[in-house]
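Take a look at the structure set out below.
Since the model is a prediction, treat every value here as computed from it, not as a measurement. All residue numbers in this chain count up from 1 along the given sequence.
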Amino acid sequence: MLKSISVKKLIQNLRQLRFIGPYSGGRHMFMIKGNLKLHIPNPHQGDISKSLLSEILRQAGISASEWNNL
């Protein structure tokens, strides 16, 4: 089961999954893995909700079980 997470922890976990970055770009930071460009929410909005984390993981092709095993 997913739970809310800080932007800092999100970035750390994505790096463990071989994403590189974050890079600044336009309104949002982003991270890259191969041809995939994954946008990261702005950190000034507090923790990332479960529903937004679920959407980020879906876009990145990461299962909830893979995420929870980090």
For Leu10, is there any backbone N or O sitting under 3.5 Å from a side-chain donor or acceptor partner on Arg15?
no
Donor-acceptor pair, Lys33 side chain versus Ile20 backbone, under 3.5 Å?
no
Shortest non-hydrogen contact from [X] to [Y]?
{"X": "Ala60", "Y": "Leu38", "value": "CB-CD2, 3.8 Å"}
{"X": "Asn42", "Y": "Arg27", "value": "OD1-O, 2.9 Å"}
{"X": "Ser4", "Y": "Ser49", "value": "CB-CA, 4.3 Å"}
{"X": "Asp47", "Y": "Ser6", "value": "OD1-CA, 3.5 Å"}
{"X": "Pro41", "Y": "Leu52", "value": "CG-CD2, 3.7 Å"}

Gap between atom CD1 of Ile5 and atom CD1 of Ile48 - 0.5 Å precision
7.0 Å
Atom pair CG (Leu2) and CH2 (Trp67), whose distance is rounded to the nearest 0.5 Å
9.0 Å
What I want to check is whether the side chains of Gln16 and Gln12 have a donor and an acceptor closer together than 3.5 Å.
no
Are [X] and [Y] side-chain neighbours, meaning at least one heavy-atom pair lies under 4.5 Å?
{"X": "Phe19", "Y": "Leu36", "value": "yes"}
{"X": "Ile62", "Y": "Leu14", "value": "yes"}
{"X": "Ile56", "Y": "Ile40", "value": "no"}
{"X": "Lys3", "Y": "Leu53", "value": "no"}
{"X": "Ile32", "Y": "Tyr23", "value": "yes"}
{"X": "Met29", "Y": "His39", "value": "no"}

Find out if a path of hydrophobic residues (ILVMFWY) with successive side-chain heavy-atom gaps under 4.5 Å connects Phe30 to Val7.
no
